[in-house]
There are 2 protein chains.
Amino acid sequence: METRHAVTARTSPESARDIPEATVARLPIYLRALTTLSEQGTSTCSSEELAAAAGVNSAKLRKDLSYLGSYGTRGVGYDTDYLRYQIAREIGVTQDWPVVIVGIGNLGQALANYSGFRSRGFRVVALLDADPARHEEVVAGIDVRPFDHLEKIVRDHAVAIGVIATPALAAQDVADRMVAFGITSILNFAPTVLNVPDQVDVRKVDLSIELQILAYHEQRKAASA
Amino acid sequence: METRHAVTARTSPESARDIPEATVARLPIYLRALTTLSEQGTSTCSSEELAAAAGVNSAKLRKDLSYLGSYGTRGVGYDTDYLRYQIAREIGVTQDWPVVIVGIGNLGQALANYSGFRSRGFRVVALLDADPARHEEVVAGIDVRPFDHLEKIVRDHAVAIGVIATPALAAQDVADRMVAFGITSILNFAPTVLNVPDQVDVRKVDLSIELQILAYHEQRKAASA
DNA sequence: CTCGGTTTGTTCTCGCGTTCACAAACTCCT
DNA sequence: AGGAGTTTGTGAACGCGAGAACAAACCGAG
Ligand SMILES: NC(=O)c1ccc[n+]([C@@H]2O[C@H](COP(=O)([O-])OP(=O)(O)OC[C@H]3O[C@@H](n4cnc5c(N)ncnc54)[C@H](O)[C@@H]3O)[C@@H](O)[C@H]2O)c1
Ligand SMILES: NC(=O)c1ccc[n+]([C@@H]2O[C@H](COP(=O)([O-])OP(=O)(O)OC[C@H]3O[C@@H](n4cnc5c(N)ncnc54)[C@H](O)[C@@H]3O)[C@@H](O)[C@H]2O)c1
């Protein structure tokens, strides 16, 4: 897990509760589980059912939800759609967030083509690549544009979230410019450590690391056989 | 993070140490940092340098490394290549792991084309897809084959690790078959919770969840401004 | 050989996260 | 209305992880 703990309480009157980071990481899972349940026609669910759908302990689920408020009914459970809305609101995905993707190679194209973002609160407003040869292309109905356009795009669309899918060597530079132009959250797919100011959030997705963790346990299993 | 804690000590004579899960998750980062340092010609590095390259606290790094053994020299630091080898050996990536990818759509193709796996201890031995229309295709020099071939492939290549890049609805079924045929580690990209037996490890990569976590913090920043 | 400077390995403490267990609260049936 | 059954919300206990701090160990100069 990232070295990031409970968000320090900000001095705003509303939404005073600060939610533990571990809980924040699970809220999207609950949201997805609730959506599935809702689509299956379940209008009410107990913490036990929802926990099973989300793959967690029911006590943990209840404690997590208790940070948001008291949205259940004892003896009954939770109203599926109501809870779903409350979680979506807490996460902040009741409205769409504009997102820009930089590096439209193998991975960047797959991301651009992914329909799941839109339905989960995100909208890809631009695809950027440094390679002029790519600027002819249209991916997922969106023009691939030069990286230089980043500043204008961030300004015009009030983009706060950027996705980096460039080679590792370019990633730090891309991140620096994103930060300079006002992006404050970065999702990084390049296998490299990004240095950014404190107020900028970075989350990384590193497939090789995931596989290596699996390999470690796999080796363990083999050794004990 | 997954609900998975320190691996219970297995009763094997060798490699008796069991490494905390949090440390296991960081070892690949150290490995990558060491590779970078080595390529830059650094033959020795202190815990401070390596920690900076890996983006962690130096005390944490030293504690992590101490689980592997005592591979440093006080007053000097660590031999880059020697430590790199020791970590690779501990993770189990001194030899290649055969991997099969199921679901060769947008994402599966990007994964198949990704060269970083090979260099980090993994070898894609097969690409499988249920759609007959794809069986004509060759992706990254590998034939796309029918999903039915899974059993034979797992047997022939002794595959222990499987990657799921199918739609969410198909993922559980794919996982069930993988497990039935002997796969014991799964990397899941489909946005769904997989139910598998205890002895099977599952790690998930869910981009929407990552973005939603960023959105939450982003909303917080906006609220405090 | 000794001493000062450097860096590791480890101990200790603190805080977060998970889980248990139960009182409070609600529904439904009689 | 009352009681049995159900389920939430939370207090408390416990274990793991993070980081500070320091003694032990090593190097090199003199
Ligand atoms: N493909 C995968 O499945 C996969 C898996 C794991 C990690 N990754 C990582 O994701 C990143 C992208 O992988 P990929 O396979 O798509 O690589 P790729 O080479 O196919 O694409 C990289 C793209 O980034 C562009 N680019 C390079 N420098 C740039 C810059 N400074 N600014 C803007 N654009 C720039 C290139 O023109 C290219 O289009 C890499 O860091 C890779 O290690 C990819
Ligand atoms: N593309 C992305 O960037 C992205 C991002 C996040 C998550 N995901 C997830 O990754 C998964 C794949 O995404 P995608 O964009 O590549 O989808 P896709 O539709 O392009 O590809 C899915 C592939 O799986 C194959 N398939 C379907 N059922 C199968 C089965 N039972 N057995 C074997 N193969 C089967 C299909 O034929 C298709 O080729 C989805 O679950 C998606 O939600 C993708």
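A, B, ... follow the sequence lines: proteins, then strands. Residue 1 opens every chain.
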Counting side-chain heavy atoms from C-beta on, which of C:dT18, D:dG9, C:dG9 comes nearest to A:Ser70? D:dG9
Is it the case that B:Thr192 and B:Gln172 place a side-chain donor and acceptor less than 3.5 Å from each other? no
Of the candidates D:dG17, C:dA25, D:dA23, the side chain of B:Arg74 sits closest to D:dA23
With a 4.0 Å cutoff (strictly under), does any side-chain N or O of A:Ser47 reach OP1 or OP2 of D:dT8? yes
Side-chain atoms of B:Lys60 come closest, of C:dC26, D:dA18, D:dG9, to D:dA18
Can you check the A:Arg26 CZ to C:dC16 P distance for me, whole Å? 15 Å
Roughly, in whole Å, what's the span from CD in B:Glu49 to C1' in C:dT6? 13 Å
Heavy-atom donor-acceptor pair, B:Lys63 side-chain to D:dG19 base, under 3.5 Å: yes
Phosphate contact (D:dG17 OP1 or OP2) by B:Tyr67 side-chain N/O below 4.0 Å: no
B:Asp18 CG to D:dG15 C1', in whole Å, measures 14 Å
Is a salt bridge present between A:Arg84 and A:Asp79, judged by a nitrogen-to-oxygen distance below 4.0 Å? no
Does a side chain donor of either A:Arg62 or A:Ser47 reach within less than 3.5 Å of an acceptor in the other side chain? yes
Could you check which of C:dG9, C:dG17, C:dT10 has an atom nearest any side-chain atom of A:Ala22? C:dG17
Looking at C:dT11, C:dG9, C:dG17, which one has an atom nearest to any side-chain atom of A:Glu21? C:dG17
Toward the 5' end of DNA chain D, which comes first, A:Asp64 or A:Gly75, by nearest nucleotide? A:Gly75
Closest to the B:Ala59 side chain, choosing from C:dG9, C:dG17, D:dA20: D:dA20
Rounded to whole angstrom units, what separation is found between the CG atom of B:Leu61 and the P atom of C:dT7? 14 Å
For D:dA21 and B:Arg62 - does any side-chain N or O of the residue sit under 4.0 Å from the phosphate oxygens OP1/OP2? no
A:Tyr71 has an atom OH; how far is it from atom P of D:dG9, in whole Å? 11 Å
C:dT18 P sits how many Å from A:Leu65 CG, rounded? 14 Å
Among side-chain atoms of A:His217 and B:Gln199, is any donor-acceptor pair under 3.5 angstrom? no
Nearest-Å distance for atom pair CD/C1', residues A:Glu48 and D:dT6: 12 Å
Taking OP1 and OP2 of D:dA20, is either one under 4.0 Å from a side-chain nitrogen or oxygen of B:Asn57? yes
May I ask you to check whether A:Tyr30 and A:Asp64 show a side-chain donor-acceptor distance below 3.5 Å? yes
Over how many whole Å does the gap from B:Tyr78 atom OH to D:dC26 atom C1' extend? 14 Å
